[in-house]
Amino acid sequence: MPITKICCMGAGYVGGPTCSVIALKCPHIRVTVVDKSSERIAQWNSAKLPIYEPGLDAVVQKCRGRNLFFSTDIAQAIEEAELIFISVNTPTKRFGNGKGRAADLKYVESAARMIAEISAGDKIVVEKSTVPVRAAESIMNILRANHKPGVSYQILSNPEFLAEGTAIDDLLNADRVLIGGEESPEGQAAIEELCKVYEHWIPRKNILTTNTWSSELSKLAANAFLAQRISSINSLSAVCESTGADVSEVARAVGLDSRIGSKFLQASVGFGGSCFQKDILNLVYICECLNLPEVAAYWQQVIDMNEYQKSRFSAKVIESLFNTVTDKKISILGFAFKKNTGDTRESPAIHVARTLIDEGAKLHIYDPKVEESQIMSDLSNCGAILEPELVKSRVSIFKDAYSATKNTHAIVVCTEWDEFVELDYKRIYAEMMKPAYIFDGRKILDHDKLQKLGFIVQTIGKKIECQKLRGSGKIKLKIEEKWYRYHFEALS
Ligand code: UDX
Ligand code: UDX
Ligand code: ADP
């Protein structure tokens, strides 16, 4: 029987956009997205959606009230649906066994228990949240142990590969859709039902079907590979800064090898986002549990390199500003973990800002899409908790880049928003303290042009040597000297 009603548990970054696109492409399917947060559902039903995603507003406007519904009535949506997506959050565990690494499956488990409690007919339950390998087994155990007489379940794994900022395009033109299920005839039939949903817009050849465990592991593997590329190029960016190589040139030369490919080789202040770190930590934890310490150490290094990159960049800012930023005003351009999203989860900007606050700097922060309350809460709650009063006294949020940079000693670019490329840097320079510094953590600006305007420029993966300081001769950053000293001391 073809699917006519879908329920999605979890109206977040994954569930919301995914189900909006399913509703758009399958007008005959009634899609109900539910969430236990009534505030979130109210936002989905309002003119201002809870997440910023290019193209999403138009899709929601077209489908909402037609075959797309956002509701807090979880029980009714479960009862009616033939197919249920579990799209709830799976954060890294904060306490107990696997703390700081394992995925916390409590939301997945409570979703499964609720499905078992309510369902009076057969259901296909699809795990969409990224979960540890064999999580489907846990869901199945819960469902089968609690099922009502005559009710049967099929569990599928259908991981989502969308990236934030391009979610709608990724969903509409997915490279592939991956569906894993049981190898039994019932499992294969369930896979077929979900295939038919996607086939409304994805060519069948791009829909991959595997067993459940391959599907679950593939999602972790894809994110681990992507993050690994960034850590690899970032590691080389440090080598470039200590030699004469330019990491952009290296990335281009390497990426032209068709075996390697050019994507995801953009050196940066570090990767962020809700997935990469969480999924790799999860992979590392799984490897440790499977007694595969060498494999665990291999993937852990991707995270360690990312931490190193964020710290290295922050240290460079401080070092360049004469080794002290106490009471200096520094503007941070961009707080989201990447452009075209308002999401700040694991954003490298948090790390940079926190380091500068710890060193006594006063920050002027501007991001086109991140709300002030979000920035304040991120800076108060990361790592060792900072007093909100201290954060308030050190951080000011601005509504545009010009007012944020005015009277500051330095600009630190943390997110690659297009509008930062287009700014009038002549005007900005005129209104900054001198010497005026720019630290381009995303390699998006025209460094030659900025230097000609009088800025002292530092970036990732390129040694920018002698620069003229207006009125005060030349300074040369002694990075190499430090490097040699460090190694000499380490050897002797
Ligand atoms: C390599 C580079 O490919 C080439 O560009 C460079 O100029 C020299 O080094 P080569 O060592 O001749 O070339 O062979 P390559 O095809 O890269 O294979 C190297 C090793 O990796 C082989 O043992 C091969 O069996 C192995 N390999 C390759 C794998 O195990 N898996 C793969 O997917 C690819
Ligand atoms: C990622 C995966 O791309 C997506 O397939 C998966 O479903 C979820 O996780 P997302 O985290 O939304 O998506 O964004 P992505 O574009 O992958 O960027 C992640 C981080 O890496 C960002 O901080 C980005 O700025 C950074 N990045 C990306 C780089 O530093 N360099 C690059 O070359 C690419
Ligand atoms: P993701 O990025 O994976 O989509 P989010 O945190 O953005 O994660 O969204 C997950 C959503 O799932 C949250 O809005 C949360 O309130 C919701 N949620 C968690 N558990 C349940 C549940 N049992 N039933 C319904 N919604 C849930």
Side-chain angles (χ1 to χ4, degrees), residues 7-19 33-41 43-44 50-51 53 70-75 77-78 84-91 103 105-115 128-131 159-167 170-171 174-176 178 219-220 222-227 229-234 237 251 254-255 257-260 262-280 306 309-310 334 336-341 343-349 414-416 441-444 460:
C7 161
C8 173
M9 300 179 78
Y13 282 92
V14 172
T18 307
C19 284
V33 185
V34 293
D35 202 292
K36 58 185 186 180
S37 158
S38 50
E39 195 189 340
R40 212 162 221 204
I41 290 300
Q43 287 174 316
W44 278 107
I51 61 176
E53 197 56 67
F70 296 94
S71 164
T72 47
D73 193 342
I74 305 178
I78 291 176
I84 302 166
F85 285 114
I86 299 184
S87 204
V88 301
N89 32 339
T90 51
L105 291 183
K106 69 176 176 207
Y107 301 108
V108 174
E109 184 179 330
S110 90
R113 287 190 187 279
M114 189 152 183
I115 295 170
K128 232 197 196 307
S129 316
T130 310
V131 288
E160 185 45 65
F161 293 103
L162 67 81
E164 286 176 33
T166 52
D170 292 344
L171 286 161
D175 288 342
R176 79 308 205 182
L178 177 58
K219 170 64 187 185
L220 291 181
N223 277 345
F225 268 66
L226 290 169
R229 285 173 71 91
I230 303 169
S231 277
S232 297
I233 200 71
N234 281 345
S237 76
V254 170
D257 185 328
S258 61
R259 295 170 299 178
I260 297 172
S262 60
K263 291 182 182 163
F264 265 71
L265 287 180
Q266 173 75 39
S268 66
V269 51
F271 60 73
S274 69
C275 292
F276 284 175
Q277 174 163 315
K278 182 184 77 173
D279 290 353
I280 295 177
N306 198 46
Q309 187 75 349
K310 290 186 278 185
F337 81 94
K338 62 188 276 197
K339 72 174 180 181
N340 294 337
T341 177
D343 193 353
T344 61
R345 288 178 289 178
E346 305 298 338
S347 176
C414 286
T415 314
E416 73 282 22
R442 293 293 185 163
K443 297 177 71 64
I444 51 170
I460 304 269

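Atoms within a ligand are numbered from 1 in the order they appear, just like the ligands themselves. Because the structure is predicted, anything quoted here is derived from the model rather than measured.
Which parts of ligand 2 touch Cys275 is read off a 4.0 Å heavy-atom cut-off, strictly below it: atoms 8 (C), 9 (O). Remark: ligand 2 atoms within the under-4.0 Å shell around heavy atoms of Lys219 are 6 (C), 7 (O). Every atom of ligand 2 is numbered from 1 in the order shown, and the set under 4.0 Å from a heavy atom of Phe271 is 20 (C), 21 (O), 23 (O), 26 (C). The distance from ligand 2 to the heavy atoms of Leu226 drops below 4.0 Å at these ligand atoms: 3 (O). Per-residue contacts place Gly272 under 4.0 angstrom from the following atoms of ligand 2 (heavy atoms of the residue considered): 19 (C), 20 (C), 22 (C), 23 (O). When each atom of ligand 2 is checked for a heavy atom of Ser268 under 4.0 Å away, the hits are 29 (C), 30 (O).
From the protein, the heavy atom lying nearest to atom 1 (C) of ligand 2 is Phe276 CE2, 3.4 Å. The protein atom (non-hydrogen) at minimum distance from atom 16 (O) of ligand 1 is Arg259 NH1, 4.6 Å. Looking from atom 33 (O) of ligand 2 to the surrounding protein, the closest heavy atom is Gln266 N, 2.9 Å.
Using a 4.0 angstrom heavy-atom cutoff, Glu346 does not count as in contact with ligand 2. The closest approach between a heavy atom of Arg229 and any atom of ligand 2 is not below 4.0 Å.
For Arg442, a nitrogen or oxygen atom sits less than 3.5 Å from a nitrogen or oxygen atom of ligand 2, counting backbone and side chain alike.
In this structure, the side chains of Ile78 and Met9 come closer than 4.5 Å at one or more pairs of heavy atoms.
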Under 3.5 Å: N or O atoms of ligand 3 paired with protein N or O:
from, atom 1, to, atom 2, distance (Å)
ligand 3, 2 (O), Arg345, NH1, 3.4
ligand 3, 2 (O), Arg345, NH2, 3.3
ligand 3, 4 (O), Tyr13, N, 3.1
ligand 3, 4 (O), Val14, N, 2.9
ligand 3, 7 (O), Tyr13, N, 3.1
ligand 3, 7 (O), Arg40, NH1, 3.3
ligand 3, 9 (O), Arg40, NH1, 3.3
ligand 3, 14 (O), Asp35, OD1, 3.3
ligand 3, 14 (O), Asp35, OD2, 2.6
ligand 3, 14 (O), Arg40, NH1, 2.8
ligand 3, 16 (O), Asp35, OD1, 2.6
ligand 3, 26 (N), Lys36, N, 3.4

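With respect to Phe161, the side chain to side chain contact (heavy atoms under 4.5 Å, CB included) criterion is satisfied by exactly one of Leu178, Thr130, Leu171: Leu178.
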